Protein chains: 2
Amino acid sequence: MADLLSVAKLAGVSRATAARAFSSPDLVRPATREKVFNAAQQLAFRPNKIAQQLRSQATQMIGVMVPSLDNPVFAEQLQAMEVAARASGYSLIVTTSEYSPSREGDIVEEMLRQRVDGLVLTVAEADNSAVLNTLRLETTPCLLVYNPPGKSGFPSIGVDNRAASADATRHLITLGHERIGMVAGPLLQSDRARLRFDGYCHAMGEAGLIARSLVEMTRHTQADLKSLIPALQVPEALSAVICTNDLLAISLMGELQRAGFSVPGELSVMGFDGIALGKHLYPSLCTIEQPRAEIGRAAVHTLLAMIRGEKCTPAPLPHALRKGESVGTPTSRKSTLSTL
Amino acid sequence: MADLLSVAKLAGVSRATAARAFSSPDLVRPATREKVFNAAQQLAFRPNKIAQQLRSQATQMIGVMVPSLDNPVFAEQLQAMEVAARASGYSLIVTTSEYSPSREGDIVEEMLRQRVDGLVLTVAEADNSAVLNTLRLETTPCLLVYNPPGKSGFPSIGVDNRAASADATRHLITLGHERIGMVAGPLLQSDRARLRFDGYCHAMGEAGLIARSLVEMTRHTQADLKSLIPALQVPEALSAVICTNDLLAISLMGELQRAGFSVPGELSVMGFDGIALGKHLYPSLCTIEQPRAEIGRAAVHTLLAMIRGEKCTPAPLPHALRKGESVGTPTSRKSTLSTL
DNA sequence: TTGTATGCGTTATCAG
DNA sequence: CTGATAACGCATACAA
């Protein structure tokens, strides 16, 4: 591919002049500029970013690491990030970690070698993350997304998970629910999930209700009824559950209905995340909406500010309660699930 | 950040030797090698990919352009691509086009400047795409995904949309449906959607049934009942519909049920794509499953082969009919929607 | 306004 | 086995 030197030669100018014609067009006489542009056109010249990056010591690239793109929460955030980044002249290198520490390490190392100008990461546990500990020693700006800002010391973009979860709980309480449970993936996998459980417990206590122990599903984004049934068959059977993420909530609704169980008639189901699809289901998913697109945009803009050298301590973004048909008022009844 | 030269100095060797210690460890005496490694460690040396790329004229980067990440079909494909690429030492630059021709052009130009080793694109219309016409003149390998392989001349990964759609139609016909319609986004937006309509028409004709004219929704991935109602109120009301993508099908099911209409009791609904979520809904979505992950992996492997200089003419990947509760046998009845 | 010369961090060729 | 040196393609300080 043609390089600047060939363009310069064809245009009959020096390499420097040709370069200037592109980077500072007004520093070069119009006539000369035209000659350069013509030459460039003829040779199908295409500036080599690699060389520019090496020379300027900046890549205009952002390294992004999310747990998975199979969860629309991350995909929707990424979609917004891509648009925002491009609008600012930045490109995204996208990677997925599946929360695997070794993968996280490899990925970040790889991105640092690529000399990305900054990193946007979502890790499992911000306060206990090998990769973040490594990053602390580096100078490359790093921003967390979804992870709660905590002792990690890294700035973070996201909602206040604890407050949001409390809001969700209060919504159910306001509707008259008292026997409310929380459903999560295995081991309360992420730091966010834990905060959401905290928020739930807090709101329950605040209302003088007893928080139930967590119902743990065997998978992070797919419900299995068997794990929930015990909590539905006891005398004090649940009348509502909050799931720590929408995928879990949606599949739980499906399983419940498939088992002949009515939602919200017999069990109200809330989600957490606000993925777009939830609105279009029937019953539509009642959930806490994280502003995924806004989070994505804020992540890009905050990181760019950090790259410019600004210190950033982003405030939590507002969450919203999205009402939905999956939640109703509690019906007084015995456990109707005894037949299951 | 420390560079090779500083490492060499600290190790007391030449730059060339230091470089070799990494790239061809066996070409250098073990003792020397160790000195280099130690020095590298002390200085926290991290190889600069930019420089390597400039020098080697290869970036180990793949440029990916999908219409949107808000549709799980693309997100799921991308997830698989990322894993496959990383496993082969490649990184992904990810972009979204929203099918905007100008955005497509900018994106591809940008990626070419970045000197990606190859491109994986999904465009609106492969046979009528400005960006592909440009690319034809370039030497950078380019692979299409989901777009049917056609006159475009570019190799393509995906299923046989026409055959898949015919299979979907036959499935309904086998169940006894005769009044089958197809629901699509505006203007039969993509080349795939058109092939899917073809397949539907073909299967209908084959069975001696009359293909209905397309029901066009105002949006590509969100159903509006109003557009469908006319086809449900006529004497020969539809008993089943096939949507050109799952998002459309899922939101259509939701809208129908919300309007008090039973699925599949009064209308069977099929989707097309096979996004993961469809399985977990109730009723579960009957759909044509495109092997999204396999498509992603095949895209990466095929592109890598092309980068190696091999000529590729990938065969269509197999689709599968995923049965689901959203489809049932037709019930003889008048239009029950007259009250809407 | 334009040209000259140098360096960005590697790799690879060629001697030694 | 190791060292000196020349690219890779561009941007910029400094001269002219």
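Nothing here was measured: the structure is a model prediction, and the numbers come from that model. Labels below follow one simple rule: chain letters A, B, ... track the order of the sequence lines, proteins then strands, and each chain is numbered from 1. These numbers come from the heavy atoms of this one structure, side chains and all, not from hydrogens, waters or symmetry mates.
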Q. When the nearest nucleotide of DNA chain D is assigned to A:Ser24 and to A:Leu54 on a heavy-atom basis, which residue is associated with the more 5' position?
A.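 Here A:Leu54 is the residue nearer the 5' end.
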Is there side-chain contact between B:Glu310 and B:Met306, with at least one heavy-atom pair below 4.5 Å?
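No. Closest side-chain heavy atoms not under 4.5 Å.
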Min side-chain heavy-atom separation B:Val66-B:Val64 under 4.5 Å
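Result yes, sub-4.5 Å side-chain heavy-atom pair found.
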Please give, in whole Å, the distance from [N] [atom2] to [X] [atom1]?
X	N	atom1	atom2	answer
B:Ile50	C:dG9	CD1	C1'	10 Å
B:Lys35	D:dC1	NZ	P	14 Å
B:Leu5	C:dG9	CG	C1'	9 Å
B:Arg46	C:dC8	CZ	P	19 Å
B:Leu4	C:dC8	CG	P	13 Å
A:Arg55	D:dC10	CZ	P	13 Å
A:Asn48	C:dG9	CG	P	17 Å
A:Met1	D:dC10	CE	P	10 Å

Check whether any side-chain N or O of B:Gln53 sits under 4.0 Å from OP1 or OP2 of D:dC8, and answer yes or no.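 No.
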side-chain N/O A:Gln57 vs C:dG9 OP1/OP2, d < 4.0 Å =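 Yes.
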### Message
I'd like to know if the side chain of B:Ser190 and the backbone of B:Ala193 have a donor-acceptor N/O pair within less than 3.5 Å.
### Response
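Checked: pair present.
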- Task: May I ask you to decide if B:Gln60's main-chain N or O and B:Asp117's side chain share a donor-acceptor pair within less than 3.5 Å?
- Result: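 Indeed, once roles are kept as given, a pair shorter than 3.5 Å links the two residues.
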Across the strands shown, which category fits A:Phe22 at heavy-atom distances under 4.0 angstrom: base, sugar-phosphate, nothing?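 Answer is nothing: A:Phe22 stays at 4.0 Å or more from every strand.
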If you restrict it to nitrogen or oxygen atoms, what contacts under 3.5 Å exist between nucleotides 2-5 of chain D and the protein, and what is each distance?
| from | atom 1 | to | atom 2 | distance (Å) |
| --- | --- | --- | --- | --- |
| D:dT2 | OP1 | B:Arg29 | NH2 | 3.3 |
| D:dT2 | OP1 | B:Thr32 | OG1 | 2.4 |
| D:dT2 | OP2 | B:Arg29 | N | 2.9 |
| D:dG3 | OP2 | B:Ser14 | N | 3.0 |
| D:dG3 | OP2 | B:Ser14 | OG | 3.1 |
| D:dG3 | OP2 | B:Thr17 | OG1 | 2.4 |
| D:dG3 | N7 | B:Arg20 | NH2 | 2.7 |
| D:dG3 | O6 | B:Arg20 | NH1 | 3.1 |

Nearest to side-chain heavy atoms of B:Asp3, which nucleotide of C:dC8, C:dT10, D:dC10:
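The answer is C:dT10.
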Considering non-hydrogen atoms only, spot the tightest contact between A:Arg292 and A:Tyr146 and give its length.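 Where A:Arg292 meets A:Tyr146 most closely, the heavy atoms are CG-OH, 3.6 Å.
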If you measure from the Lys or Arg side-chain nitrogens to the Asp or Glu carboxylate oxygens, is any gap between B:Glu82 and A:Arg103 under 4.0 Å?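 Yes, B:Glu82 and A:Arg103 are salt-bridged.
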Atom pairs and distances, side-chain donor-acceptor, residues 43-54 of chain A, under 3.5 Å, sequence neighbours left out:
| from | atom 1 | to | atom 2 | distance (Å) |
| --- | --- | --- | --- | --- |
| A:Arg46 | NE | B:Glu109 | OE1 | 3.3 |
| A:Arg46 | NE | B:Glu109 | OE2 | 3.3 |
| A:Arg46 | NH1 | B:Glu138 | OE1 | 3.0 |
| A:Arg46 | NH2 | B:Glu109 | OE1 | 3.4 |
| A:Arg46 | NH2 | B:Glu138 | OE2 | 3.1 |
| A:Asn48 | OD1 | A:Ile50 | N | 2.8 |
| A:Asn48 | OD1 | A:Ala51 | N | 3.2 |
| A:Lys49 | NZ | B:Glu110 | OE2 | 3.4 |
| A:Gln53 | OE1 | B:Gln114 | NE2 | 3.3 |
| A:Gln53 | NE2 | A:Thr59 | O | 3.1 |
| A:Gln53 | NE2 | B:Gln114 | OE1 | 2.9 |

